[in-house]
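Here is the structure we will look at, set down as structure tokens.
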Amino acid sequence: MIIVQTPLRISFFGGGTDFPSYFMEEGGCVLSSAIDKYIFVTIKRRFDDFIRIGYTRTEIVESINEIQHELIREALRKVGITKGVEITTMGDIPSGSGLGSSSTVTVGALHAMYAYLNCSINAEQLAREACEIEIDILKKPIGVQDQYIAAYGGLRFFEFSNSGEVCNHLLALDEVLMTRLNENLLLYFTGTTRQAASILLEQKDNIRAKKATLRQLKELAYVAREELQKGNIDVIGTLLHESWQYKKQLASKISNGHIEKIYETARKAGALGGKVTGAGGGGFLLLYCPYEKRDLVRSSLYGLREVPIRLEPDGSKTIFNYRR
């Protein structure tokens, strides 16, 4: 029995510039962090040769080709497991929430399967192979940041070069600054989940027409990294607000009236800025709020569910490994 814990994420800046069709021409970057909400993947040997997959439904099949859970199916193919296993996935947060759950499942599944085979694997390989499954094999209209932050963990700045190379930089804030940042981040569920594929497909199709906007988003990511390294935590709030105005230009359904009403209510109560996590259209709203304004913001959003979060230093890891 193997159990792997893989963190979900919040993306602060640069989202959209991690699409290969953009960064292979112009380069891209993102500032993001793993959070203390997780996907758990378990794998164990079966008595027979069937494959059983447990998630929101249950599949029991004789052949990999019959598996309908495409992420698990392609991960099994990637690592070479063909029969006789049971795999389950469980999450702290529902899928479709904008916290990178699909890529987190892919990274976690690969990690669990390699551990089952007693093969060591590093974060770079996990992230790269997860990208191959989602983007190259399954043709998902997504970027590469979610796979990398799930694999590596921490608060990180990723740069994507036009040669395809990914460079990652851990932002090692001192304990006081990290505590302040954790205290000033609020995460609220907007009340709706959504299928991100249509929003992301429109965003991908718009890349050529939106290059100027994407350059602005990339520049804000570099500025945010510099300000964090200087210890200017509150600047992150105003930069998030500016970045959110640009992000909404990338596709028509990234925001809507319901989201804007919540966001403006929070801003009037003292939040400096924020954004919808992930593709947009629903899911979670991330807010940056100075500590002394938190109670006012929380009161203004009474009725919405707040999900307490802290930034997570670790990436995907095996938390249980029992062998007979």
Go through the steps to decide whether Tyr148 and Val107 satisfy the test side chain to side chain contact (heavy atoms under 4.5 Å, CB included), and finish with yes or no. CA-CA 9 Å; Tyr148 274 84; Val107 169; over 6 Å; no

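- Gly15 and Val30 make their closest contact through N-CG1, 4.0 Å (heavy atoms, listed as atom of the first residue, atom of the second, distance).
- In this structure, the side chains of Glu219 and Val223 come closer than 4.5 Å at one or more pairs of heavy atoms.
- Leu170 and Leu31 sit in two unconnected hydrophobic clusters of ILVMFWY residues. Membership requires side-chain heavy atoms under 4.5 Å apart, directly or through other members.
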Under the criterion side chain to side chain contact (heavy atoms under 4.5 Å, CB included), I'd like the reasoning laid out for Ile133 against Leu110: C-alpha separation, chi angles, the key distance, then a yes or no. CA-CA 10 Å; Ile133 287 172; Leu110 284 168; 4.0 Å; yes

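- In this structure, Phe158 and Val166 approach most closely via the heavy-atom pair CD2-CG1, 4.1 Å.
- In terms of heavy-atom proximity, Gly273 sits nearest to Leu240 at C-CB, 4.2 Å.
- Ile93 and Phe40 are assigned to two separate hydrophobic clusters, defined by single-linkage of ILVMFWY side chains at heavy-atom distances under 4.5 Å.
- Here the closest non-hydrogen pair linking Thr17 and Leu214 is CG2-O, 3.5 Å.
- Put simply, the side chain of Thr277 gets close to the backbone of Gly98: a donor and an acceptor are under 3.5 Å apart.
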Evaluate Tyr288 against Ile233 for side chain to side chain contact (heavy atoms under 4.5 Å, CB included), listing each step before the verdict. CA-CA 10 Å; Tyr288 183 95; Ile233 300 294; 2.8 Å; yes

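- Looking at heavy atoms from C-beta onward, Ser33 lies out of side-chain contact with Arg156 at the 4.5 angstrom threshold.
- Evaluated for a side-chain hydrogen bond (donor to acceptor under 3.5 Å, both in side chains) with Gln147, the options Arg128, Glu134, Glu129, Glu132 yield exactly one hit, Glu134.
- Nearest heavy atom pair, residue Arg294 against residue Tyr291, reads NH2-CE1, 2.9 Å.
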How far apart are the C-alpha atoms of Arg180 and Asn182, what are their side-chain angles, what is the distance that settles it, and do they pass the side-chain hydrogen bond (donor to acceptor under 3.5 Å, both in side chains) test? CA-CA 5 Å; Arg180 283 183 55 202; Asn182 275 311; over 6 Å; no

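- For the side-chain contact (heavy atoms from CB on, under 4.5 Å) with Ile319, the lone residue among Val4, Ile2, Ile3 that qualifies is Ile3.
- Note that SG of Cys167 and CD of Glu159 are 6.5 Å apart. Values are rounded to the nearest 0.5 Å.
- Donor-acceptor pairing under 3.5 Å is recorded for the side chains of Thr42 and Thr88.
- Looking at heavy atoms from C-beta onward, Leu287 lies in side-chain contact with Leu301 at the 4.5 angstrom threshold.
- Between Arg323 and Tyr116, every side-chain heavy-atom pair lies at or beyond the 4.5 Å cut-off.
- Applying the salt bridge (charged side-chain N to carboxylate O under 4.0 Å, His left out) test to residues at least two apart or on different chains, the pairs with a partner in residues 6-30 are Arg9-Asp146, Glu25-Arg208, Glu25-Lys211, Glu26-Lys211, Glu26-Arg215.
- A donor and an acceptor atom, one from each side chain of Gln68 and Arg73, are nowhere located under 3.5 Å apart.
- With a 6.0 Å cutoff to the six-membered ring centre and a 45° limit on the axis angle, Arg305 does not count as a cation-pi contact of Phe189.
- A distance of 8.5 Å separates OH in Tyr22 from CG in Leu217, rounded to the nearest 0.5 Å.
- A donor-acceptor contact shorter than 3.5 Å links the side chain of Thr104 to the backbone of Gly100.
- When side chains are defined from C-beta on, Arg225 counts as touching His169, because their heavy atoms get closer than 4.5 Å.
- Taking CG of Leu181 as the start and CD1 of Ile236 as the end, the distance is 7.5 Å to the nearest 0.5 Å.
- Residues Ile254 and Ile259 have side chains not in contact (no heavy-atom distance under 4.5 Å, counting atoms from C-beta outward).
- Between the side chains of Ser11 and Gln145, at least one donor N or O lies within less than 3.5 Å of an accepting N or O.
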Could you walk me through whether Glu124 and Tyr152 pass side chain to side chain contact (heavy atoms under 4.5 Å, CB included), step by step? CA-CA 8 Å; Glu124 172 62 30; Tyr152 278 96; 3.2 Å; yes

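- Each of Leu286 and Leu296 belongs to its own hydrophobic cluster when Ile, Leu, Val, Met, Phe, Trp and Tyr are linked at side-chain heavy-atom distances under 4.5 angstrom.
- Tyr222 has its ring centre no less than 6.0 Å from the ring centre of Phe13.
- The pair Glu59-Arg52 does not count as a salt bridge, with every side-chain nitrogen at least 4.0 angstrom from each carboxylate oxygen.
- A chain of hydrophobic side-chain contacts below 4.5 Å, direct or via other Ile, Leu, Val, Met, Phe, Trp or Tyr residues, connects Ile72 to Ile121.
- At most 12 non-hydrogen atoms from other residues, nucleotides or ligands lie less than 6.0 angstrom from CG of Asp295.
- Under the 4.5 Å side-chain heavy-atom criterion for ILVMFWY residues, no single connected hydrophobic cluster contains both Met1 and Val41.
- Crowding of Glu292 atom CD: a count of heavy atoms from other residues, nucleotides or ligands under 6.0 Å exceeding 12.
- When the shell of 6.0 Å around CZ of Arg45 is examined, it contains 12 or fewer heavy atoms from other residues, nucleotides or ligands.
- For Lys248 and Glu260, the salt-bridge test passes: some basic side-chain N is under 4.0 Å from an acidic carboxylate O.
- Pairing each heavy atom of Gly278 with each of Lys247, the nearest pair is O-NZ, 3.1 Å.
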Candidate pair Tyr263 and His241, rule side-chain hydrogen bond (donor to acceptor under 3.5 Å, both in side chains), full reasoning: CA-CA 10 Å; Tyr263 182 66; His241 178 69; 2.7 Å; yes

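- A salt bridge does not link Lys78 to Glu74: none of the charged side-chain nitrogens sits closer than 4.0 Å to a carboxylate oxygen.
- Counting heavy atoms from C-beta on, the side chains of Asn184 and Cys289 never come closer than 4.5 Å.
- Listed by first and then second residue, the salt bridge (charged side-chain N to carboxylate O under 4.0 Å, His left out) pairs involving residues 268-277 amount to none (not counting sequence neighbours).
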